[in-house]
Every structure is written in structure tokens, then in C-alpha cells.
Amino acid sequence: MKKLLIIAIGLLLPSIGWSAGGGPTYPNDKIEIDWNDKAAMQRGARTFVNYCMSCHSAAYSRFNRVGADLGIPDELVRENLIFTTDVNGEKTKVGELMKTTMTPEYAEQAFGIVPPDLSLIARSRGVNWLYNYLRGFYVDDSREGIGVNNGVFANVGMPHVMADLQGLQVPKYKTLTDSHGDEQEVIVGFEVLKPGSMTISEYDKTVYELVAFLDYLAEPYKQTRKNVGTGVLIFLFAFLILAYVLKREYWKDVH
Ligand code: HEC
């Protein structure tokens, strides 16, 4: 009986977690990151330094490490990925950590919250969440100062920093009634209010590439880990055959 209870609780917990998370969110798309597509990650890195690093750091990474992993020579890293300066006003060196120049005090004043470091965000939030979050900003005049809200992160303190690319959108709502009879308005789609410089599919691709870069950033060794894992499995399989053949050889005279 006790066991049954524990199993029941174990099965129920995930659904409780889901409802505590605020129910359905929009958009809700899934992506698969192609780790062999280094060119996409390079473009994601460019978007990251241009659109995110003014507020966020990725302070567990160095510029030249990213360059080495993604196949960008130091010279091009210096030209295309580094836009910050150090305390002496000199251009940040390629060996430096990827830190934003915005001070926490300024951020606190401007946004009421310090933008978190994004080095590990792909692990804590997952790539699907990021893909939806960065496509989920919509116009909400009730949000003082930033004028936007987000379909997957309600009342977020971040402005829509890629509005020039995506344009502005407004949500389409639907009313859902839950099992208690309570009504809840949920977003089921977006309508373009003002187009940006990109089409919807171009923007989706840009966000995908940015998320691919963030995924790399969160675990630079992922590809190596997978390759080593496959190698180990192949070795174990070959060894199994060898061990079996040996066993037959040793026991041949006993049976
Ligand atoms: C103008 C400053 C600014 C810029 C530029 C900016 N952000 Fe943010 N971002 C913020 C602030 C402030 C928050 C904290 C929001 C909150 O918790 O309410 C935030 C939060 C986030 C979060 C949620 C973190 C979490 O899990 O709580 C993610 C993910 C994120 N930003 C990604 C990005 C990406 C990717 C870019 C570049 C496209 C970017 N941000 C550009 C200010 C900025």
C-alpha cells in the first residue's frame, strides 16, 4: 500500500509542477540543434555579441576559445566578435572572458534587475524554451518602460532587443475553462503589428542560430563527449565478441 502511494505521488508530481508553472505558454515549438553546422553557430555568435552582450555576460567563456571551437581565426574574432573595451579604453583582448561592460548598478537602475549570465542558460532553460522566449515578445502597453511582455516568460524585465529584426507583434487570445470551471485567457498565436527587417522565417532562423550558439556555450565539449561515447560503445561491442570467442576457445576441451 505504501509502495503504491509512493508510486502514485511520483506519477503526480510532474503534473503538479506543470500547473505550478502557469499552464500553457505560447509559442511552443521544438528545435533540434545540428552540432555539425559550425557556420550556424558562428552566425549565432555574431548575433549574441551584437544583440545580447550589451547587457548579458557569458563570463565562463573566452573569445578565443569560442573562436577555436567554431573555427574562427583570432584576427576575425577581434574584428567581428569584440565590441567591448577594457578599463583603459583599449579593445578587449581575444583571450579575455566574455563579459558585458554594463555594470550591475546601472542594470539594477535601468531594469530593476541584473541580467543573468548566459553561459549556462541553454542547460538551465533548455534550447526549446530559449527558442520560444526569443520569439515570444509582444506589445503590451501596460508594461512601463519596455512596452512588451513575453508569451513564455510573463512580465519579463527584458526589452524586445531584436524588435528591429522581428518587428512588433500582438497576441491572439483564446479563453480556456479548466476543470474547476475557472476561465483563463491564453495566447494561441501572434499577429504582425509592424514588420521588422526580416521575414518570419528569416527571424526564426536567426533565433535558431543564436540558440545553437548558446547550446554550444553551455557545453563546449558536448560533441567530443558524444563522439567518445560512441567510440566506447563500439569498443565494448568488439570486446564482447572477442571475449565470447576466447571463452569458447578456453572451454572447448571441458565440454
Ligand atoms: C537591454 C538589456 C538586455 C539585452 C540587450 C538583452 N537582455 Fe536578456 N535580459 C535582460 C534583463 C533585464 C533580464 C532579466 C529579466 C527578468 O528576470 O525579469 C533578461 C533576461 C534574459 C533571459 C532569461 C533568463 C532567466 O532564465 O531568467 C534570457 C534567456 C535572456 N535574457 C536572453 C537574452 C538574449 C539571447 C539576448 C540577445 C538577443 C538578450 N537577452 C539581450 C536584459 C537584456
Side-chain angles (χ1 to χ4, degrees), residues 17-18 20-22 25-31 33 40-61 63 66 70 80-85 92 97-140 142-169 196-198 200 202-220:
W18 187 75
T25 58
Y26 186 88
N28 193 11
D29 297 316
K30 291 197 167 39
I31 48 169
I33 304 291
M41 288 182 181
Q42 289 178 1
R43 288 191 292 271
R46 196 179 54 200
T47 308
F48 182 76
V49 297
N50 279 305
Y51 284 91
C52 317
M53 269 193 73
S54 47
C55 296
H56 294 275
S57 291
Y60 297 154
S61 285
F63 288 104
V66 167
L70 301 186
N80 296 301
L81 295 186
I82 304 183
F83 302 108
T84 48
T85 48
T92 308
L97 296 170
M98 298 178 69
K99 283 192 180 153
T100 175
T101 42
M102 182 181 283
T103 61
E105 297 78 36
Y106 179 85
E108 184 77 49
Q109 223 176 11
F111 308 108
I113 181 166
V114 180
D117 188 283
L118 295 182
S119 307
L120 299 175
I121 196 74
R123 280 214 233 175
S124 58
R125 289 292 198 177
V127 291
N128 292 330
W129 187 91
L130 288 171
Y131 182 63
N132 293 317
Y133 170 68
L134 294 167
R135 291 154 61 248
F137 287 94
Y138 63 86
V139 174
D140 180 351
S142 72
R143 301 297 313 288
E144 219 175 290
I146 59 175
V148 287
N149 212 325
N150 192 289
V152 301
F153 190 157
N155 299 328
V156 69
M158 172 169 145
H160 184 11
V161 295
M162 295 196 286
D164 60 329
L165 306 179
Q166 187 189 23
L168 296 173
Q169 53 190 11
S197 63
M198 289 182 167
I200 292 176
E202 281 168 348
Y203 182 72
D204 286 353
K205 180 164 168 282
T206 302
V207 171
Y208 162 82
E209 292 173 342
L210 175 56
V211 175
F213 171 70
L214 291 172
D215 195 31
Y216 148 75
L217 209 56
E219 200 183 346

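Each ligand, and each atom within it, is numbered from 1 in the order the structure gives. Counting from 1, the numbers follow the sequence of the chain as shown. Atoms considered below: every heavy atom in the structure, side chains included; atoms not considered: hydrogens, waters and symmetry mates.
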Over 12 foreign heavy atoms within 6.0 Å of OH, Tyr106: no
Which ligand 1 atoms are under 4.0 Å away from a heavy-atom of [X]?
| X | value |
| --- | --- |
| Ile121 | 24 (C), 26 (O), 29 (C) |
| Tyr133 | 20 (C), 21 (C), 22 (C), 28 (C), 29 (C), 30 (C), 31 (N) |
| Arg125 | 25 (C), 26 (O), 27 (O) |
| Ser54 | 5 (C) |
| Leu130 | 29 (C) |

Atom 8 (Fe) of ligand 1: protein N, O or S atoms [distance under 2.8 Å]: His56 NE2, Met158 SD
Structural part of Leu210 in contact with ligand 1, heavy atom criterion under 4.0 angstrom: side chain
Students should be able to answer this: which protein heavy-atom is nearest to [atom], and at what distance?
| atom | result |
| --- | --- |
| atom 14 (C) of ligand 1 | Ile113 CG2, 3.9 Å |
| atom 15 (C) of ligand 1 | Gly157 N, 3.5 Å |
| atom 23 (C) of ligand 1 | Phe153 CE1, 3.9 Å |

Selection residues 204-219 - residue pairs positive for side-chain hydrogen bond (donor to acceptor under 3.5 Å, both in side chains), sequence neighbours left out: Trp35-Asp215, Arg43-Glu209, Asp69-Tyr216, Arg135-Asp204, Lys205-Glu209, Asp215-Lys222, Glu219-Arg225
